[in-house]
Asker: 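Before I ask anything, here is the structure I am working with.
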Amino acid sequence: MFDYLVVGAGFAGAVVAERMARAFGKKVLLVDRRNHIGGNAYDHYNEAGLLVHRYGPHIFHTNSEQVFQYLSQFTTWRCYEHRVLAYVDGKLVPIPINLDTVNLIYDLNLQTEEEVAEFFASRAEDRGHSRTSEDVVVSKVGRDLYEKLFRNYTRKQWGKDPSELDASVTARIPVRTNRDDRYFGDRYQAMPRHGYTRMFENMLDHPNIAFELGCDFRDIVDDVSFREIIYTGPVDEFFDFCYGELPYRSLRFEHETLDMEFLQPVAVINYPNDHAYTRVTEFKHLTGQGHRKTSVVYEYPGDEGDPYYPVPNAANAALYKRYAELASATEGVHFVGRLATYKYYNMDQVVAQALTLVKQLAAGYRARHSVSANGHSWSTQAVSA
Ligand code: FAD
Ligand code: UDP
């Protein structure tokens, strides 16, 4: 008898499994339909011996001391500040937009933050309260920089115009008036020294955690006993798409190993206006690995394939709300993670969300145990009824 059937061995599932087993002595069965742990953060050594991220570049960054300390129990870190260049008008320019981006694109020689702020102010359009991903950029830097750096990248990445997406999508990227060229401004920025998979192995190495990998939970759910489910897969799929499919954006990853030491000056180059791919990542910059060859990945966005990104806009939020109501009415199943709560969350946000669920589960145990010793039970019939 397991206390929890955890569906999905990504950050959401691994954190809940680890905490409930190690801190609360619960018995956990962790199931993933992929044949590995780590979810989308999975990394591995490829045939050339280079550490690569199978599902695209994963760079850890957070402002949360709690999240950083939690993960630090399972890994040491390699200091790494992420830098990205965008290929625009035949030049490589820093993204997020900063003083150097403006000087390079417009062949200017602005020197002070005030001059850059004035430049932006002279181009920015008043959009009132920024509602869409177009508004948020155009209201800060104006239409030309928006078109050079954001419009086409977004159309490629999402299959939608920025005007059809929530402001939160492009608002992930700051605009700077100084020369700071780091992609993230977070207090903690680092990579797990021996990779994400090793960190997950350390998290999940506990006698109370059993695994079923390469297995859809529906194939075993009727054959195992457990009290509750922790579900981290797509929420609409859990409910057999009863309200219709929630849109998720997918990616096709094309990995390549090259017989050269480095291909690019930085880990990631974005291609807003050229090529069918959005960006090219060279892993050695992220991992610090020394090797005479190098490995890169090209990301081709599309609608078909594994769900990677929830698509933030009003229509999808309304549809998700219906599923969320169903989810909260489903006894004995807890929904957590990027796909199960349809949130465009980074890894640290998923860890924080999972740690919050752990607190709730622990409080629930205390409450229930004072009333009755029984947990919830769950069956597929109960859900589809
Ligand atoms: P997932 O990692 O998706 O795990 C869910 C797991 O559930 C999957 O392994 C899936 O196989 C399994 N599953 C689903 N349904 C079933 C089922 N029916 N039965 C069994 N198993 C099932 N975040 C950052 O902080 N920094 C980054 O640089 C970054 N880069 C990213 C780049 C890309 C290309 C992508 C797609 C995401 C990136 N992220 C990044 C986000 C990060 O991947 C997520 O925040 C995090 O991995 C989500 O964890 P999760 O556990 O919620 O979901
Ligand atoms: N974006 C863009 N141009 C860029 C970088 C980002 O238009 O050069 C927009 C695009 O819509 C993208 C969003 O900003 O999807 C968020 O970018 P981020 O790098 O955070 O995306 P992720 O790493 O999650 O794919």
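Whatever order the structure lists them in is the order used to number ligands and atoms, beginning at 1.
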Asker: Please compare Glu299, Arg33, Met191 and report which has the shortest non-hydrogen distance to atom 21 (N) of ligand 1.
Answerer: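 Shortest heavy-atom distance from atom 21 (N) of ligand 1: Arg33.
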Asker: Looking only at N/O atoms, are Gln157 and ligand 2 under 3.5 Å apart anywhere?
Answerer: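 It does not: no N or O of Gln157 is found under 3.5 Å from an N or O of ligand 2.
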Asker: Just jot down the ligand 1 atoms closer than 4.0 angstrom to any heavy atom of Val7, in number order.
Answerer: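 This gives 16 (C), 17 (C), 19 (N), 20 (C), 21 (N), 22 (C) as the contact atoms.
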Asker: Between the side chains of His334 and Glu228, is a donor N or O closer than 3.5 angstrom to an acceptor N or O?
Answerer: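 Their side chains do contain a donor-acceptor pair, which is all the 3.5 Å distance test asks for.
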Asker: Could you tell me, atom by atom, which parts of ligand 2 come under 4.0 Å of a heavy atom of Asn270?
Answerer: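 Result: 4 (C), 5 (C), 8 (O).
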Asker: If you draw the axis of the six-membered ring of Tyr153, does the NZ or CZ of Arg279 fall within 45° of it and under 6.0 Å from the ring centre?
Answerer: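 No - Arg279 does not lie over the ring of Tyr153 by the 6.0 Å and 45° rule.
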Asker: Is any N or O atom of Trp158, backbone or side chain, closer than 3.5 Å to an N or O atom of ligand 2?
Answerer: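 N/O-N/O distance below 3.5 Å exists for this pair.
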Asker: One residue to check: Leu149. Relative to ligand 2, which of side chain, backbone, both or neither has a non-hydrogen atom less than 4.0 Å away?
Answerer: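 Under 4.0 Å from ligand 2, Leu149 contributes backbone atoms alone.
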Asker: Show me which atoms of ligand 1 lie under 4.0 Å from any heavy atom of Gly337.
Answerer: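 Those atoms are 52 (O).
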Asker: Could you tell me whether some N/O pair between Tyr309 and ligand 2 is separated by less than 3.5 angstrom?
Answerer: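 So ligand 2 has an N or O lying under 3.5 Å from an N or O of Tyr309.
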Asker: Tell me which protein heavy atom sits closest to atom 4 (O) of ligand 1, plus the residue, atom name and distance to 0.1 Å.
Answerer: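 Residue, atom and distance for the closest contact: Gly10 CA, 3.8 Å.
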Asker: Charged N to carboxylate O below 4.0 Å: is that the case for Asp43 and Arg54?
Answerer: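 Here Asp43 does not pair with Arg54 in a salt bridge, since their nearest N and O are not under 4.0 Å apart.
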Asker: Is there a nitrogen or oxygen of Gly39 sitting under 3.5 Å from a nitrogen or oxygen of ligand 1?
Answerer: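 Between Gly39 and ligand 1 (N or O atoms, distance only) the closest approach is not under 3.5 Å.
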Asker: Counting only nitrogen or oxygen atoms and a 3.5 angstrom limit, does Ala86 reach ligand 2?
Answerer: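 In this structure, Ala86 places no N or O atom under 3.5 Å from an N or O of ligand 2.
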Asker: Checking Glu118 now: which residues fulfil side-chain contact (heavy atoms from CB on, under 4.5 Å) with it, not counting sequence neighbours?
Answerer: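 For Glu118, no residue satisfies side-chain contact (heavy atoms from CB on, under 4.5 Å) once neighbours in sequence are set aside.
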